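Reviewing the structure listed below.
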Amino acid sequence: MFRCGYHAASVRDICAAAGAPQGSFTNHFRSKEAFAVEVLDQYFEYLKGLVRDALNDESLTPRQRLKRYLEIITDKLERDRWMIGCLIGDFSLQASSHSKLLRKRLDAIFQEWRALFAGCIAAAQSAGEIESQFEATDLAEFLLASWEGAILRMKVERSPAALERFKAIVFETVFKKQRRFAATKRQRRSSKLSTAESKRHRKSS
């Protein structure tokens, strides 16, 4: 389905790739739609693991975690030579207008996916790291929709240019680091250095 697309990947093709008789397919799945939902669920579980690896990394600030996730995905797309994108985005284009079952599942996936990013964005806003002009949920929706669009463009160009352009622009505009946050970090760093210097001075005395 990644290689051929939802419509072009027939049940016969799927069974041939799996080395399974066609009768086994119909014993397990009512239709190709039902099979595609299972594929989406497994793919999304894998993707959520990547999200958690990046967004739960407490060694990074929330804004840095967002950047880290996009870098993880960029590395994955590079390994596929910019030819294979996101199955969720692909199915959204190929199947959502023809299948109510897939459209509803895709909508639920996007809502859950959005919530994961909204939590991280809200944390960045609470820390004063990024602006709070827009709701975290709306920013998460913008991030996902724009990133998916950049991935589609990448597939056409067979190049990371669209991905790199998106990352450069979004982190200098929508997710631009606030000066107050940067100044606060410098102050904390300076305070730590002063404390360490003071301790060294007392020891030498």
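Positions are given from 1 along the sequence. Owing to the predicted nature of the structure, the values given are computational and were not obtained by experimental measurement. Heavy-atom basis, side chains included; hydrogens, waters and symmetry copies ignored.
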Between F175 and L143, does a side chain to side chain contact (heavy atoms under 4.5 Å, CB included) hold up when you go through it step by step? CA-CA 10 Å; F175 297 128; L143 175 64; 4.0 Å; yes
Would you say Q125's side chain and E131's backbone share a donor-acceptor pair under 3.5 angstrom?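 The answer is yes, because a donor-acceptor pair under 3.5 Å joins these two groups.
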Closer than 3.5 angstrom, by distance alone: can the side chain of E141 be matched with the main-chain N or O of D138 as a donor-acceptor pair?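 Looks like no, no N/O pair under 3.5 Å.
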Closest non-hydrogen atom pair between [X] and [Y], with its separation:
X    : Y    : result
A34  : R30  : CB-N, 4.2 Å
M154 : I84  : CE-O, 4.0 Å
A162 : A150 : CB-O, 3.6 Å
L116 : L55  : O-CD1, 3.5 Å
R103 : S96  : CB-O, 3.5 Å
P21  : C15  : O-SG, 4.0 Å

Report the C-alpha distance between I130 and K176 in whole Å, list the side-chain angles of each, state the deciding distance to 0.1 Å, and finish with yes or no for side chain to side chain contact (heavy atoms under 4.5 Å, CB included). CA-CA 6 Å; I130 62 174; K176 184 177 182 179; over 6 Å; no
Side-chain heavy atoms under 4.5 angstrom apart, residues restricted to Ile, Leu, Val, Met, Phe, Trp, Tyr: same cluster for [X] and [Y]?
X    : Y    : result
L77  : L50  : yes
L163 : L152 : no
W82  : V156 : no
W113 : L93  : no
Y43  : L101 : yes

Is there side-chain contact between [X] and [Y], with heavy atoms separated by less than 4.5 Å?
X    : Y    : result
R158 : M83  : yes
K167 : T74  : yes
Y6   : H98  : no
Q178 : E129 : no

Gap separating the [atom1] atom of [X] from the [atom2] atom of [Y], nearest 0.5 angstrom:
X    : Y    : atom1 : atom2 : answer
L139 : Q133 : CG    : CD    : 9.0 Å
L102 : Q94  : CG    : CD    : 10.5 Å
I73  : E78  : CD1   : CD    : 13.0 Å
E148 : D90  : CD    : CG    : 8.5 Å
M1   : D13  : CE    : CG    : 10.0 Å
I109 : R114 : CD1   : CZ    : 13.5 Å

Give a yes or no on this: more than 12 heavy atoms of other residues, nucleotides or ligands lie within 6.0 Å of atom CD of Q111.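 Correct, the count exceeds 12.
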Counting neighbours of NE2 on H28 that are heavy atoms of other residues, nucleotides or ligands and sit closer than 6.0 Å, is the number greater than 12?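 At most 12 heavy atoms, drawn from other residues, nucleotides or ligands, come within 6.0 Å of this atom.
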Take E112 and K48, measure what salt bridge (Lys or Arg N to Asp or Glu O under 4.0 Å) needs, and give me the verdict at the end. CA-CA 10 Å; E112 185 178 350; K48 283 191 291 186; 2.8 Å; yes
Test R68 against D53 for salt bridge (Lys or Arg N to Asp or Glu O under 4.0 Å), laying out the working first. CA-CA 9 Å; R68 177 61 185 142; D53 286 347; over 6 Å; no
Judged by modelled atom types alone, do S99 and K104 share a side-chain donor-acceptor pair under 3.5 Å?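 Short answer, no.
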Return yes if a side-chain donor-acceptor contact under 3.5 Å exists between E38 and Q42, otherwise no.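 A donor-acceptor contact under 3.5 Å links the two side chains.
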Verdict with supporting geometry, D80 and F2, side chain to side chain contact (heavy atoms under 4.5 Å, CB included): CA-CA 11 Å; D80 292 324; F2 250 138; over 6 Å; no
Could you give all pairs that pass the ring pair (Phe, Tyr, Trp, His ring centres under 6.0 Å) test and reach residues 131-166, with sequence neighbours left out?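 Those involving residues 131-166 are W147-F166.
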Here's one to test your reading of the geometry: is the NZ or CZ of K32 within 45 degrees of the ring axis of F25 and under 6.0 Å from its centre?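 No, K32 does not sit over the ring of F25.
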Could K67 and F171 be counted as a cation-pi pair, given that NZ or CZ must be under 6.0 Å from the ring centre and within 45° of the axis?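 Yes - K67 lies over the ring of F171, closer than 6.0 Å to its centre and within 45° of its axis.
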Evaluate L66 against C120 for side chain to side chain contact (heavy atoms under 4.5 Å, CB included), listing each step before the verdict. CA-CA 8 Å; L66 293 173; C120 186; 3.9 Å; yes
How are the rings of F29 and F35 set to each other: parallel, tilted or perpendicular (split at 30° and 60°)?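 Taking F35 first and then F29, their aromatic rings stand perpendicular (interplane angle over 60°).
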